[in-house]
Amino acid sequence: MDAILIPSHNLTLKKIMTIQAVLIPGDGIGPEVSAAVCRIFAAAKVDIQWLRHDAGLAAVQGGSKSTLPESTLAAIREHRVALKGPCTTPVGTGFSSVNVALRKTLGLYGAVRPIRSLAGVPTRFENVDLVVVRENTEGLYAGIENEITPGVVTSLKVATELASRRIAEFAFRYANDRGRKKISVFHKANIMKMSDGLFIRCAKEVSQKWLGKIHYEELIIDAACMRLVQDPTRFDVILMENLYGDIVSDLAAGLIGGLGVAPGANFGDEYAVFEAVHGSAPDIAGKGIANPLSLLMSGVMMLNHLAVTRDLPKLKIIGDHIRSAYDRALQDGEKTGDIGGKLSTEQFADAVIKRLPA
Ligand code: NAI
């Protein structure tokens, strides 16, 4: 039987079916959490071949001239799904974000971050269950900046009708497919009357098609953030432009235990990249203590996506097994340090594997 060797993890997976997915371990803690996730997937008997490709600093260290090698993009284009660890972006200087480039190049316009309370991870609120949907290609986050003259810089906020309508349609479809009942748009159109004004006008127009099915509301983002931390249970799906979505999704992750326990996915019309929401965490990289849950949960989202888009219901069942296994591990107090436990990355992976069905 053919075998695929994943060099950095020294893992050998049997090639037993056609699902192939790109794995980008990324930088910092990325390779550590990716190795743990691959081990859990193998133990859960996920019939998948991981095709390892690099991006970020890892790509450059591996000899590429680019932080986003053409071979990595080509692999995602060919296989249409990827699981991605974090990629470092230097602050205030240096190369621009690999994540921004990846999302733009592959047309991954819709970011989804489910935020769900986890039994065994005590936080201020117990029943948080919301989804942040973020426009992924425009706004200030696109990082279009210029130095006009020394000491004066500008940052361009681009909003287009096409992208604003596209993400609103995506959010309503996403909500409807999952039985969600309300979409709240966070905006600052009282000040940014044209750009955020366009965003909410498009969202409102799209909402008209869903009248009676999905409730729609608009909230000015500053007060909305206050409401979110006071009572997150009043929210269901939250729709935002790029920069607001970036900030609010981390805030929301903080409501359920932090960046280590929230998954993420980036969808376009052709490709989907599932990624940990946290960064490369240089403060703990190499120590073997990172929480692999964010990437694991993103991997489970990938299985659900493959189950639907490739008509492979078995993958949804395996995803459910992995989800019950990590839920039970957390309930039994088996946790990494970031959420109050003592386990290493690999010990937590073992705890999940022990709770998978035989
Ligand atoms: P970060 O998410 O890497 O770390 C923030 C804090 O959370 C740190 O104290 C870190 O130790 C902790 N943390 C993060 N993930 C954890 C995990 N899985 N387990 C336990 N603790 C965890 O954010 P930071 O420090 O702002 O960014 C570091 C680098 O990561 C930067 O270069 C940034 O650009 C990049 N980054 C990349 C992202 C991506 O590739 N999608 C997303 C966010 C940041």
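Indexing begins at 1, ligand by ligand and atom by atom, following the structure's order.
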Trainee: Compile the donor-acceptor pairs under 3.5 Å between side chains in residues 349-358 and protein atoms, sequence neighbours left out, one pair per line.
Mentor:
| from | atom 1 | to | atom 2 | distance (Å) |
| --- | --- | --- | --- | --- |
| Asp350 | OD1 | Arg39 | NH1 | 3.0 |
| Asp350 | OD1 | Arg39 | NH2 | 2.9 |
| Arg355 | NE | Asp332 | OD2 | 3.0 |
| Arg355 | NH1 | Ala351 | O | 2.8 |
| Arg355 | NH2 | Asp332 | OD2 | 3.1 |
| Arg355 | NH2 | Glu334 | OE2 | 3.3 |

Trainee: With sequence neighbours left out, what residues match Tyr244 under side chain to side chain donor-acceptor pair (under 3.5 Å)?
Mentor: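 Here the qualifying residues are Lys157, Asp196.
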
Trainee: Show the distances, to 0.1 Å, for all pairs joining an N/O atom of ligand 1 and a protein N/O atom that are shorter than 3.5 Å, listing one pair per line.
Mentor:
| from | atom 1 | to | atom 2 | distance (Å) |
| --- | --- | --- | --- | --- |
| ligand 1 | 2 (O) | Gly279 | N | 2.7 |
| ligand 1 | 3 (O) | Gly279 | N | 3.4 |
| ligand 1 | 3 (O) | Ser280 | N | 3.3 |
| ligand 1 | 3 (O) | Ala281 | N | 2.7 |
| ligand 1 | 9 (O) | Asp283 | OD2 | 2.8 |
| ligand 1 | 11 (O) | Asp283 | OD1 | 2.8 |
| ligand 1 | 11 (O) | Asp283 | OD2 | 3.0 |
| ligand 1 | 18 (N) | His278 | NE2 | 3.4 |
| ligand 1 | 18 (N) | Asn291 | O | 2.9 |
| ligand 1 | 19 (N) | Asn291 | N | 2.9 |
| ligand 1 | 30 (O) | Ser280 | N | 3.0 |
| ligand 1 | 30 (O) | Ser280 | OG | 3.3 |
| ligand 1 | 32 (O) | Thr89 | N | 2.8 |
| ligand 1 | 32 (O) | Thr89 | O | 2.9 |
| ligand 1 | 34 (O) | Thr89 | N | 3.3 |
| ligand 1 | 34 (O) | Thr89 | O | 3.3 |
| ligand 1 | 40 (O) | Lys84 | NZ | 3.4 |
| ligand 1 | 40 (O) | Cys87 | N | 2.8 |
| ligand 1 | 40 (O) | Asn99 | OD1 | 3.2 |
| ligand 1 | 40 (O) | Asn99 | ND2 | 2.9 |
| ligand 1 | 41 (N) | Glu275 | OE1 | 3.4 |

Trainee: For the side chain of Asp54 and the backbone of Ala59, is there at least one donor-acceptor N/O pair under 3.5 Å apart?
Mentor: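 Absent.
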
Trainee: Other members of the hydrophobic cluster containing Leu259, with the 4.5 Å side-chain heavy-atom rule, please.
Mentor: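 Hydrophobic cluster check, Leu259: joined to Val277.
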
Trainee: Say whether Thr345 and Glu32, considering side chains only, have a donor N or O and an acceptor N or O under 3.5 Å apart.
Mentor: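 No donor-acceptor contact under 3.5 Å links the two side chains.
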
Trainee: Strictly below 4.0 Å, N to O, side chains only: are Asp327 and Arg116 in salt-bridge contact?
Mentor: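 Salt bridge present between Asp327 and Arg116.
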
